[in-house]
Every structure is written in C-alpha cells, then in structure tokens.
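Beneath this line is the structure, given in structure tokens, with notes to follow.
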Amino acid sequence: MCSGQLNSLVIHIPAEPIRVLVTGAAGQIAYSLLFSIAKGDVFGKDQPIVLLLLDITPMLPVLDGVVMELQDCALPLLKEIIPTDKEEVAFKDLDAAILVGSMPRKEGMERKDLLKANVAIFKSQGAALEKYAKKTVKVLVVGNPANTNCLIAAKSAPSIPKENFSCLTRLDHNRARSQVAMRCGVPASQVKNVIIWGNHSSTQYPDVHHCLVNMSGSELACFDAVKDDAWLKGDFITTVQQRGAAVIKARKLSSAMSAAKAICDHMRDIWSGTPENEFISMGVYSSGNSYGVPEDLIYSFPVQIKGKTWKIVDGLPINDFSRSKMDATAAELIEERDTAVTFLGV
C-alpha cells in the first residue's frame with residue numbers, strides 16, 4: 001500500500017449513546033416526536049440514542065405498541081428502548097429530558113386546581129432528576145402550564161443548574177414566523193428574529209420589532225416588509241396568542257405535529273447551537289436579565305446558544321407598546337408562580 005492510501009485511512013470511533021427521556025410517551029405529542037429523535041434529526045446524524053419512555057401505569061399497554069413501532073422502523077441510531085412507569089428507571093443517568101406529560105385542564109377545572117395537580121407531578125419529576133439524572137442533563141418542559149411547571153421542576157432539583165431547565169415557547173415562535181412569512185409571500189426560512197416574550201399562554205407577547213424578512217435578497221425590517229402596522233400590532237398578535245385554541249377547535253385535538261416539530265427545533269438548537277446573528281425564543285430562568293423582567297420566573301426571552309449554553313440577547317430597544325405587553329405576561333407568571341409555590345410544601 002502506498003503512503004497516499006495510508007494517509008486517507010480514517011478510523012471511525014462510534015459515539016457513546018446518549019440517554020434521552022420522553023415523558024407522556026404514549027400520548028399524541030410523543031407519537032409525533034419519537035421518530036424524529038430516534039432517526040437523528042435532533043441530537044445528530046451520528047449520535048446513538050437510548051430512549052427512555054415514561055408514562056402512567058394504565059398507559060403501558062399503549063406504550064408497548066409505540067415501542068413495537070419504533071422497533072419496526074429499524075433505525076440504526078436507536079440502540080435501546082426502555083418503556084417504564086417508574087421514575088427511578090426513567091430518570092437514571094439522563095443526558096436529556098423532554099417532559100411532555102402533564103395533567104390537562106378538564107372541563108370545570110379551576111386554574112388553581114390545574115396548578116396544584118401539576119405541582120405534584122413536576123415536584124416529583126424534579127426530585128427524580130435530582131436523585132438519578134446526570135447534573136449536566138438538559139431539561140425541556142412541554143406540559144402546560146409549561147413555564148410554571150418548569151420552575152417547579154427546577155426548584156425541586158437544587159443541585160442541577162437552573163440554566164439547564166427551559167420550557168417550550170418555540171411553537172409560538174414558529175407560529176409567529178409563519179404568520180409573517182405568509183403575509184409577505186416568502187418561505188418561513190426567510191423570516192428571523194421574531195421574539196416570544198413571557199408565558200406560553202394567551203398573554204404571551206409575539207414581538208416583531210426586531211424581526212427581519214428577506215425579500216428578494218434584501219433584509220428588511222418586518223414593519224417595512226409587511227407594510228401593515230395595524231395588523232402587526234393587532235390581529236397578528238392575537239392570532240399567535242390564540243393559535244393553540246384555534247387548532248383544538250378545528251381538529252378537536254391539541255397541536256401535536258407542530259408541537260413535536262418545535263420540540264425538535266428547541267433541543268437541536270441546545271445541542272448544536274443557533275445560527276450566527278439569529279436568535280430564537282425559549283422560556284428560561286429570568287434572574288439577571290437586562291429587560292426588567294422580575295427575578296425567579298421561567299420567562300420566554302430571545303436567546304442565542306453556543307456550546308449547549310444559552311444566553312439572553314441583551315440590549316434590544318423596547319418601546320412602550322412592547323413594555324406594557326411584556327409586563328402583563330410577567331404579572332400572570334408571578335401570580336402562577338406564587339400560587340404554585342404555596343402547593344410545594346403539600
């Protein structure tokens with residue numbers, strides 16, 4: 001063999017599998033999500049995965065069917081699937097936890113009752129993260145009310161850095177991008193730097209004051225591209241705020257496909273980083289922010305991610321219109337947090 005051939009030999013050492021948990025694994029969102037994770041769309045095309053699937057005991061027969069389907073996909077990266085109803089099994093040595101399962105709001109249920117039920121779930125899961133998971137675990141809370149559930153989980157896992165916890169507002173971010181793109185007649189990929197401020201609820205504030213739209217090769221400010229200030233300050237905001245309810249009304253089921261896509265986007269950005277000069281929206285710990293958002297909340301901010309570490313984008317000018325909406329959603333989060341914390345000792 002000549003030296004030229006020797007130089008071209010590359011020894012490929014396979015990566016160690018990472019352990020990824022999805023809770024509520026027999027549910028609708030998980031059903032749309034698990035294939036993308038197992039296929040390599042989230043953590044990388046060369047990253048083997050052990051999938052841990054947690055659900056409540058009555059759902060285990062359904063979960064067995066999900067496991068069969070994952071097996072039948074014959075995916076090369078999926079090294080092992082562990083279905084369980086036990087937290088000590090599900091949370092062991094985790095690299096990533098996607099907490100989808102939560103108590104849904106039932107007819108006639110007061111918001112306070114919903115918070116109380118979810119505090120119990122996320123206090124327990126936070127304690128399981130504390131006890132069994134790696135301290136480097138990245139935790140994404142999807143189950144609603146996502147911001148407050150995330151805060152409770154973080155408070156219940158004191159030795160895991162608060163920065164390792166985030167909640168999903170990427171679905172709202174994607175909805176906002178899409179609305180602007182459709183209005184301008186461009187693909188959503190040509191719209192960047194929309195912001196979702198605050199709570200993943202109908203008080204969230206979809207903000208396009210810093211958004212850029214690529215129109216025929218030129219980047220325009222969103223307001224210049226759309227040329228309809230009344231829409232951007234009115235119907236656009238309410239459409240994004242109420243999109244989840246509109247999907248339920250039409251489909252008689254909640255957003256599963258779009259939620260799963262947003263979860264993939266969120267976790268892929270945590271793992272691989274955000275593009276240069278772009279920011280995305282995530283619910284993260286508010287302490288130390290430069291926007292006057294009260295401390296000790298999980299609040300959605302514009303963030304950039306590098307080396308699996310997020311940083312809030314600082315220094316964006318905030319006008320009075322935006323400030324009032326940012327304050328309103330913060331007020332709702334404070335009320336939710338204070339109600340939830342009263343249940344923590346229960």
Side-chain angles (χ1 to χ4, degrees), residues 19-38 49-73 75 78 80-94 96-133 137 139-146 148-150 152-153 156-157 167-168 171 200 244 247-248 251-260 262-264 340 343-344 346:
R19 294 171 67 85
V20 179
L21 166 66
V22 176
T23 70
Q28 264 224 102
I29 291 174
Y31 191 73
S32 290
L33 171 67
L34 291 168
F35 176 71
S36 294
I37 292 174
I49 284 176
V50 173
L51 261 184
L52 295 108
L53 306 178
L54 178 68
D55 216 313
I56 55 175
T57 310
M59 295 303 290
L60 288 180
V62 178
L63 194 52
D64 284 341
V66 175
V67 170
M68 284 186 239
E69 284 212 73
L70 282 166
Q71 290 166 341
D72 295 348
C73 289
L75 296 163
L78 188 54
E80 192 180 355
I81 312 165
I82 303 169
T84 184
D85 58 355
K86 294 179 175 57
E87 286 182 341
E88 63 270 24
V89 175
F91 286 84
K92 188 168 171 51
D93 296 333
L94 290 182
I98 301 169
L99 308 183
V100 178
S102 66
M103 168 73 76
R105 191 168 186 165
K106 293 176 181 156
E107 212 173 326
M109 190 186 248
E110 294 288 326
R111 191 164 179 83
K112 190 176 168 186
D113 298 328
L114 180 70
L115 279 168
K116 187 172 185 177
N118 279 296
V119 165
I121 294 168
F122 286 87
K123 180 183 177 184
S124 176
Q125 293 189 350
L129 285 162
E130 173 78 8
K131 192 169 178 184
Y132 302 112
V137 64
V139 183
L140 167 58
V141 175
V142 179
N144 286 319
T148 300
N149 287 345
C150 184
I152 296 302
S156 305
C167 85
L168 189 74
L171 177 52
H200 174 63
V247 170
I248 290 172
R251 215 171 82 84
K252 309 295 181 271
L253 292 165
S254 64
S255 321
M257 179 174 27
S258 52
I263 292 165
C264 291
F343 300 130
L344 261 183
V346 175

Margin query: I'd like to know if the side chain of Asp55 reaches the main chain of Leu60, judged simply by a donor and an acceptor atom lying under 3.5 Å from each other, with no hydrogens or angles considered.
Written below: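 Such a contact is absent between Asp55 side chain and Leu60 backbone.
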
Checklist line | Any donor-acceptor pair under 3.5 Å from Arg19 side chain to Lys92 backbone | finding: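 Judged by distance alone, yes, a pair lies under 3.5 Å.
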
If you take all heavy atoms of [X] and [Y], which pair is closest and at what distance?
| X | Y | result |
| --- | --- | --- |
| Cys167 | Ala146 | CB-O, 3.7 Å |
| Leu129 | Ala157 | CB-CB, 4.5 Å |
| Cys264 | Ser36 | SG-CB, 3.6 Å |
| Val247 | Ser254 | CG1-C, 4.4 Å |
| Pro61 | Pro58 | CD-O, 3.5 Å |
| Ala38 | Leu78 | CB-CD2, 4.0 Å |

Item checked: Test side chain to side chain contact (heavy atoms under 4.5 Å, CB included) applied to Leu114 - qualifying residues, sequence neighbours left out ->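 With sequence neighbours excluded, Leu114 shows a side chain to side chain contact (heavy atoms under 4.5 Å, CB included) to Met103, Arg105, Met109, Asn118, Pro145, given in chain and number order.
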
Next item on the list: Just jot down the side chain to side chain contact (heavy atoms under 4.5 Å, CB included) partners of Thr84, sequence neighbours excluded, or say none.
Entry: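 Testing Thr84 for side chain to side chain contact (heavy atoms under 4.5 Å, CB included), a comparison that skips the adjacent residues, returns Leu54, Lys86, Val89, Ala90.
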
Quick one: side chains of residues 26-34, donor-acceptor pairs under 3.5 Å with protein atoms, not counting sequence neighbours, listed by atom name and distance.
from: Gln28; atom 1: OE1; to: Arg251; atom 2: NH2; distance (Å): 3.0
from: Tyr31; atom 1: OH; to: Glu69; atom 2: OE2; distance (Å): 2.6

So do the side chains of [X] and [Y] get within less than 4.5 Å of each other, counting heavy atoms only?
| X | Y | value |
| --- | --- | --- |
| Phe91 | Leu52 | no |
| Ile37 | Ile98 | yes |
| Gln71 | Ile81 | yes |
| Leu344 | Ser156 | yes |

Could you tell me the separation between the [atom1] atom of [X] and the [atom2] atom of [Y], rounded to the nearest 0.5 Å?
| X | Y | atom1 | atom2 | result |
| --- | --- | --- | --- | --- |
| Asn144 | His200 | CG | NE2 | 4.5 Å |
| Leu99 | Ile263 | CG | CD1 | 10.0 Å |
| Glu87 | Tyr132 | CD | OH | 8.0 Å |

Check: Checking side-chain contact (heavy atoms from CB on, under 4.5 Å) for the pair Leu53/Leu70: CA distance, chi angles, key distance, verdict?
Finding: CA-CA 12 Å; Leu53 306 178; Leu70 282 166; 4.2 Å; yes

Next item on the list: Only one of Val66, Leu63, Leu51, Val62 passes side chain to side chain contact (heavy atoms under 4.5 Å, CB included) with Pro83; say which it is.
Entry: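 With Pro83 as partner, side chain to side chain contact (heavy atoms under 4.5 Å, CB included) holds for just one option, Leu63.
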
